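What follows is a single structure, written as structure tokens, with notes after it.
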Amino acid sequence: MMDSWGFGMLSLHSLFILVLGFLCVSGFDPADNYLIDCGSSKDTNVGNRVFVADKSASKFLSTAQDILADTPSNSITKAGTDSPLYQTARVFTQESSYKFPITNVGRHWIRLYFYPFVYKTYDMSSASFSVSTQQNVLLGNFSPPKNVSIKEFSVNVTTRDLVITFSPSSESFAYINALEIVSVPDSLIADDASTFGPSGVFSGMSAQALETVARVNMGGPAVTFDNDTLWRSWVPDRSYLTQLDFAKSLSKIGSVKYLQGGATPDIAPPTVYGTCTKMNVDASGNDASANFNVTWVFNVEQGFQYFIRFHLCDIVSTAANQLLFNIYVDSSNIASDFDLSSKVQSRLATPYYMDFVTPPANSNKLSISIGPSSKSAYPDAFLNGVELLKLNNSQGSLADNASLPPSSSSSSKKNIGVIVGASVGVTLVLLMVGFLFCMHRRRKQEQLGLSKTWIPLSIGGGGMSHTMGSKYSNGTTLSAASNLSYRIPFAAMQAATKNFDENLVIGIGGFGKVFKGVLNDGTKVAVKRGNPSSQQGLREFQTEIEMLSQFRHRHLVSLIGYCDEKNEMILVYEYMENGTLKSHLYGSDMPSMSWKQRLEICIGAARGLHYLHTSYAKAVIHRDVKSANILLDENLMAKVADFGLSKAGPELDQTHVSTAVKGSFGYLDPEYFRRQQLTEKSDVYSFGVVLFEVLCARPVIDPSLPREMVNLAEWAMKWQKKGQLEQIIDPNLAGKIRPDSLRKFGETAEKCLADFGVDRPSMGDVLWNLEYALQLQEAVIQVDPDENSSNLIRELSPQVNNFSHVDATASAVQFEANLDDLSGVSMSKVFSQLVKSEGR
């Protein structure tokens, strides 16, 4: 059995694994990195990380009394660990809180270390307490296990401070041995994941708090935090397997090759992708009749939904497209006849992952299985790794529904348990009704002979897919499950738009008309139908699909699909409730937006453009930045749209791309127009025009005005250079903008409109300055009104890494923007408007 599992062979790879791990760990540099050895009087080195002494972190702590506990080193040795982090602890007899300044909002790890020992009158094995943040309950009436344990959470921090509160239960106390607060790459978890239900998509992952239930390296050894770029730990899968003799391990770590645009070492290290558990069958094909599943079982809590990430890397096959298999969660076949080769450009040993969200658990066990497909050349199946995380419930809690935390500071929290219990009961009833309805609908469809087919995008594909969509082959029951990277039947487009009813037209652009549509499941969409006589054609159509099928960002549009049947060119986006930024500024009867709303919209659009410019090997240049291509969802969150004219930026050894001039009049970079040399600074110029458009609420070109006022950029720049920008702002904003905020905003726009690209700031600098203008408007910080803030145009505030040397009073002026804001990411309710400056 030892040889069949390959444990003997693993020792031969240990040095190689160590080297790979060392190389891999150097990848991610967290903006926020707080590591505390609670109760300790000195700093503690753990691998390549330093947990600072408790006294160094006391400035972040608010507690009634200091109770610092310790235990002899032989005590933790008996507990099976030699980590000094468990030798000390801080005890809380009353509600106490840590408050950490946050440099970059977004996802953060929260890791809590526990080991109960006895200190004076405090027997930590009897402790009962709750742990919460401002938005989420992490632990409720929690009693740590008798042995060493780490509780890991991933939360979306949306404020400039993260407060972690320890609340002892009645007549008890709380304690903590060590604490981590560490930034997570926003790209780690996308906003959408697949589901098992009829809708096909779970949206809103970016807002969810998650608790790690299991992180498993199938067929491989334990992976410690110092061999993982995000300091995660992976455990072997042997203890989760139901039938050991059904499974066989395989290790080919050295063969792993990450594909650009696909999974990265941040997703999982090569030690995970280079090992797998497979069916225990003969590779020669002598077990052609083998028909069994390999199954893992995990403990879960009823009533909660779970996020599952499957890690797959074909180190089993000898040729591409050789192996198809099925993947099951409980009794659901979530990936029938799964062909990994089709996801990774027919390459072997190429990492890939896919995400699913389960329905609320109705059992305390969850099983994951792999098994053979009848369509495969020979029976086999494999899995490299699995991550299982619990989602917070509707109350924002990750605690057991029956044991939500009490609070001495708020009497309302005492009733949360009753409220949540009732809510869960109602939810389960509704889910049962929905399940019965779906089963009835499914039977009806089967009676009608409808079959589900998967049709991948034929252009630009490759790379990873975060979601999986489906549609019925005759196009009659299309739903939102048909999402990114899937072709949509023309018949479904006719049904969604009532055969392209002119009464449903919501806009006309250079590409054609945009229709409001409704899919059969009630999802609103925007359907952009190409006009055969349009000057835009196949190239723009392909560019839009290729671009949007690659990008994952909360401030970029989300493409549902496309249709190219019957010589049609149709693009389908989720519907945007609040239309374009342009329509809110002028030319409509929409109510005026506040200055704060306008700043937040500009910040969102700047984030989207910064992502385009920096998140790939080559910058992606939008080439048509304008207010008509900045779209607003129901919450007025901005998303950049229209990638039909987008172009890859220059190579590393080049300064520009030579190309024909395209764009919208009034927004066009004059240097690009003169020299036909395109850089990302051309987008910066166009964005500067948008900034003045937002401030003045007037068209960028208005021939009806006096000659000196026709061109907005020229006119506004004259007033900006006079220092009298307040003379030309939107009358609705008069007296409502703080002078310092207006000054910073005007300086930022002025820099964007510099005559030469080299003199313009990057979008990252623009983003930081807009964030700063918002802080000035909100009066979060105090500044000298005589300060010449123009010298801040390219200066970013320092990141907080070694927080033991940071003055707490200085933390209030940390505004660094989230410059790489990905996944967390809401990609919903959007549509784009192409090319013509008149927009909708």
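Computed from a predicted model, the values in this text were never measured in an experiment.
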Under a 3.5 Å distance rule, please check whether [X] uses its side chain to pair with a backbone N or O of [Y] as donor and acceptor.
X	Y	answer
Lys390	Leu398	yes
Asp237	Val216	no
Ser741	Leu776	no
Asp37	Ala53	no
Arg598	Met593	yes
Thr88	Cys38	yes
Ser143	Ala127	yes
Asn393	Gln395	yes
His553	Gly608	no

Any Lys/Arg nitrogen of Asp330 or Lys365 sitting under 4.0 Å from an Asp/Glu carboxylate oxygen of the other?
-> no
Looking at [atom1] of [X] and [atom2] of [Y], how far apart are the two atoms once the value is rounded to the nearest 0.5 Å?
X	Y	atom1	atom2	value
Asn136	Gln134	CG	CD	9.5 Å
Thr93	Gln65	OG1	CD	4.0 Å
Ile150	Arg111	CD1	CZ	8.0 Å

State, yes or no, whether a side-chain contact exists between [X] and [Y] at a heavy-atom distance under 4.5 Å.
X	Y	value
Phe92	Thr165	no
Glu387	Thr212	no
Tyr611	His555	no
Ile110	Leu162	yes
Leu767	Ile603	yes
Arg49	Glu180	yes
Ile67	Phe173	no
Phe28	Pro30	yes

Ignoring hydrogens and angles, state whether a donor on the side chain of Asp161 or Thr159 is under 3.5 Å from an acceptor on the partner side chain.
-> no
Might you work through the side-chain hydrogen bond (donor to acceptor under 3.5 Å, both in side chains) test for Asp226 and Thr224, ending with a clear yes or no?
-> CA-CA 6 Å; Asp226 50 353; Thr224 58; 2.4 Å; yes
Could you label the plane-to-plane angle of the [X] and [Y] rings as parallel, tilted or perpendicular, counting under 30° as parallel and over 60° as perpendicular?
X	Y	answer
Tyr772	Trp768	parallel
Phe100	Tyr98	parallel
Tyr113	Tyr86	tilted
Phe129	Phe114	tilted

Go through the steps to decide whether Thr63 and Ser96 satisfy the test side-chain hydrogen bond (donor to acceptor under 3.5 Å, both in side chains), and finish with yes or no.
-> CA-CA 5 Å; Thr63 187; Ser96 304; 2.8 Å; yes
Residues Phe60, Tyr34; criterion ring-ring contact (aromatic ring centres under 6.0 Å, His included); working and verdict | CA-CA 10 Å; Phe60 302 113; Tyr34 299 99; 5.6 Å; yes
Step by step, would you call Trp109 with Leu230 a side-chain contact (heavy atoms from CB on, under 4.5 Å)?
-> CA-CA 9 Å; Trp109 295 124; Leu230 303 182; 3.9 Å; yes
Which atom pairs, one a donor and one an acceptor, fall under 3.5 Å between side chains of residues 68-80 and the rest of the protein, sequence neighbours left out?
| from | atom 1 | to | atom 2 | distance (Å) |
| --- | --- | --- | --- | --- |
| Thr71 | OG1 | Ser75 | OG | 3.3 |
| Thr77 | OG1 | Ser73 | O | 3.0 |

